[in-house]
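Notes follow once the structure below has been shown.
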Amino acid sequence: MTSYSSSLLRLLSERGYIHQLTDGGALDALAAKQIVPGYIGFDATAPSLHVGSLVQIMMLRRLQQAGHKPIVVMGGGTTKIGDPSGKDESRRMLTPELIDQNIASIRTVFEQLLTFGDGPTDAVMVNNDEWLSQLGYVDLLRDVGPHFTINRMLTFDSVKLRLEREQPLTFLEFNYMILQAYDFRELSQRFACRLQMGGSDQWGNIINGVELSRRMDGTEVFGLTTPLLTTADGAKMGKTAAGAVWLNEDQLPNYDFWQYWRNADDRDVGRFLRLFTDLPLDEIAHLEALEGSEINAAKVVLANEVTRLVRGDTAATAAEATAAQTFGAGGMGGDLPVLDIPADGLRIGAALTALGFTASNGEAKRKLAEGAVKLDEQPVSDEALVIQLASGEERKLSLGRKKHAVLRGS
């Protein structure tokens, strides 16, 4: 592990955030002597970010913890275009009104994890639509265009992979990397921003911004990326069979969010504790060294700490209590997901799919045949079973040991 003199790079390095740096020595020296404003951009394609974005949000939190200034850039402008990185098809176009609504919803998570204000290290949130929508096309071509070559743009993975797969890449998307580079240059001028951070898939876009600021203004700025984040079994972070693990409660109940972390692979516990919690490193070392069934205690700590940071103390306490009641006493905790059953009833397979426990009725049928489904703790294998409940009546539906929900008569 590289030895750094600044508290910023030491903190990021010790907790496993650093993958690539444009000039680690120069950034380390700068961070050791002055406040470094740094930013990460987030497009507003949905009302919530998901767990895959949490490592980036935590990097902004670490930046502030180390005495520097986080800048959250919401992509009101770039969302209108779409980042081709890692995509096989063009993004659906959103209206400006819907983008604004998404930004307002997403902001609530950042307010939970960062301290906003007017102080030198207080976080700020800006919308790149403020400057991108004011750009004249001819001005952009004349002032920024000469600093990009088509030859080099074609070498970036975001472009190259789409072309190799013979997937359409629109001219609109092709401009995304230019606008992201322009963001960095604009933030450098407006906020003296000197650092852009992001996932490893953003390395090419970040390099473009570093070089554009140097060429247009002679300003030295820096880029830093995190490693590609996957779970121990190779799955993409933030995705489950039931769908995305959203950060906002409106998109995912607190219990489901808590349970995602409680179900972490044993091999991921230490890494996740370093990345997604504020626990001291010596305490994390103790927790990740637990073996056998004892590692489950570390997973509960992980679930509690992450839920507390993202959703608040009340959410974490209620989710843990629900889990204890559901798993320990065989009861129904108050924070379990609820599915309303219509008066004429619902087939059990359809209920499993409606809850997201299974991806299709076909999968539900297989799970029933395997004996993995229980209704009020009693195994159910009859795929023709129609659940009928009186108004207000409740029963517990379970798939395996980890998925539970309340069925309620409507």
Side-chain angles (χ1 to χ4, degrees), residues 1-4 6-19 31 38 40 49-68 70 109-115 121 123 197 199 224 226-227 229-232 237-238 245-247 249 252 254-324 327 335:
M1 184 179 292
T2 305
S3 177
Y4 295 108
S6 67
S7 58
L8 172 62
L9 291 190
R10 281 202 309 271
L11 177 61
L12 294 178
S13 178
E14 289 170 350
R15 287 189 171 261
Y17 292 96
I18 298 177
H19 177 54
I40 300 178
L49 301 174
H50 60 66
V51 162
S53 296
L54 187 56
V55 70
Q56 312 304 330
I57 302 174
M58 289 300 296
M59 277 221 292
L60 291 172
R61 182 176 175 87
R62 303 302 184 208
L63 188 74
Q64 191 165 53
Q65 288 173 335
H68 300 279
V109 168
F110 286 97
E111 289 175 336
Q112 183 76 25
L113 287 153
L114 301 173
T115 300
T121 64
M197 301 181 290
L224 185 156
T226 57
L229 194 60
T230 58
T231 57
M237 192 74 185
V245 183
W246 300 106
L247 299 182
E249 183 181 354
L252 185 73
N254 292 325
Y255 175 77
D256 290 342
F257 183 80
W258 186 94
Q259 195 67 28
Y260 172 78
W261 300 100
R262 170 59 183 80
N263 291 342
D265 189 293
D266 293 1
R267 297 165 291 176
D268 287 326
V269 171
R271 184 165 58 112
F272 286 179
L273 285 167
R274 281 186 287 275
L275 291 172
F276 301 115
T277 81
D278 289 339
L279 290 179
L281 292 175
D282 56 351
E283 185 173 344
I284 292 172
H286 167 72
L287 289 169
E288 72 175 327
L290 297 175
E291 297 179 350
S293 61
E294 291 185 347
I295 194 67
N296 290 328
K299 294 181 184 181
V300 171
V301 172
L302 172 65
N304 284 340
E305 291 298 317
V306 180
T307 306
R308 184 171 292 112
L309 280 178
V310 177
R311 302 286 183 89
D313 290 338
T314 302
T317 301
E320 184 183 15
T322 294
F327 294 106
D335 208 23

Taking only residues at least two apart or on different chains, which pairs with a member in residues 274-305 satisfy ring pair (Phe, Tyr, Trp, His ring centres under 6.0 Å)?
W261-F276, F272-F276

Measure the CG-CZ distance between L309 and R61 for me, rounded to the nearest 0.5 Å.
5.0 Å

Shortest non-hydrogen contact from I18 toward L9:
CD1-O, 3.9 Å

Straight-line distance of L281 CG to L273 CG, nearest 0.5 Å
10.5 Å

Does V300 reach the side chain of R262, with side-chain heavy atoms less than 4.5 Å apart?
yes

For residues V306 and L54, determine if any side-chain heavy atom of one lies less than 4.5 Å from a side-chain heavy atom of the other.
yes

Between atom CG of L229 and atom NE2 of H19, what is the distance when rounded to the nearest 0.5 Å?
12.0 Å

M58 and Y17: which non-hydrogen atoms are nearest, and at how many Å?
CB-OH, 3.7 Å

Is there side-chain contact between L49 and V109, with at least one heavy-atom pair below 4.5 Å?
no

Counting C-beta onward and ignoring hydrogens, is there a side-chain heavy-atom pair between M237 and V55 closer than 4.5 Å?
no

Pairs flagged by side chain to side chain donor-acceptor pair (under 3.5 Å) wherever residues 292-302 is involved - sequence neighbours left out:
D266-K299

Could you list the residues that satisfy side chain to side chain donor-acceptor pair (under 3.5 Å) with E288, not counting sequence neighbours?
R274

Can you tell me how far CD of E14 sits from OG of S7, rounded to the nearest 0.5 angstrom?
10.0 Å

Could you pull out every donor-acceptor pair under 3.5 Å between side chains of residues 310-319 and any protein atom, sequence neighbours left out?
{"residue": "R311", "atom": "NE", "partner": "L247", "partner atom": "O", "Å": "2.7"}
{"residue": "R311", "atom": "NH1", "partner": "L252", "partner atom": "O", "Å": "3.0"}
{"residue": "R311", "atom": "NH1", "partner": "N254", "partner atom": "OD1", "Å": "2.7"}
{"residue": "R311", "atom": "NH2", "partner": "W246", "partner atom": "O", "Å": "3.1"}
{"residue": "R311", "atom": "NH2", "partner": "L247", "partner atom": "O", "Å": "3.3"}
{"residue": "R311", "atom": "NH2", "partner": "N248", "partner atom": "O", "Å": "3.4"}
{"residue": "R311", "atom": "NH2", "partner": "L252", "partner atom": "O", "Å": "3.0"}
{"residue": "D313", "atom": "OD1", "partner": "R308", "partner atom": "NE", "Å": "3.0"}
{"residue": "T317", "atom": "OG1", "partner": "D313", "partner atom": "O", "Å": "3.0"}

Between T115 and Q64, is any pair of side-chain heavy atoms under 4.5 Å apart?
yes

Tell me the closest heavy-atom pair linking A264 and L302, and the distance in Å.
CB-CD2, 4.1 Å

Quick one: pull up OG1 in T277 and CG in N304 and give me the separation to the nearest 0.5 Å.
11.5 Å

Apply salt bridge (charged side-chain N to carboxylate O under 4.0 Å, His left out) to E320 and list each qualifying residue two or more places apart in sequence or on a separate chain.
none

With sequence neighbours excluded, tell me which residues meet salt bridge (charged side-chain N to carboxylate O under 4.0 Å, His left out) with R62.
D278

How long is the span from the CG atom in L60 to the CD1 atom in I40, to the nearest 0.5 Å?
4.0 Å

For V269 against A298, the heavy-atom pair lying closest together
CG1-CB, 3.9 Å

Within the structure provided, determine whether L279 and V301 are in side-chain contact (heavy-atom separation under 4.5 Å).
yes

With heavy-atom distances below 4.5 Å as the criterion, would you say the side chains of M197 and T226 are in contact?
no

Tell me the closest heavy-atom pair linking L8 and A66, and the distance in Å.
CA-CB, 3.7 Å

Side chain proximity check, V51 to F257, heavy atoms < 4.5 angstrom
yes

Could you walk me through whether T322 and Q259 satisfy the side-chain contact (heavy atoms from CB on, under 4.5 Å) test, starting with their C-alpha distance in whole Å, then the side-chain angles of each, then the deciding distance to 0.1 Å, before giving a yes or no?
CA-CA 10 Å; T322 294; Q259 195 67 28; over 6 Å; no

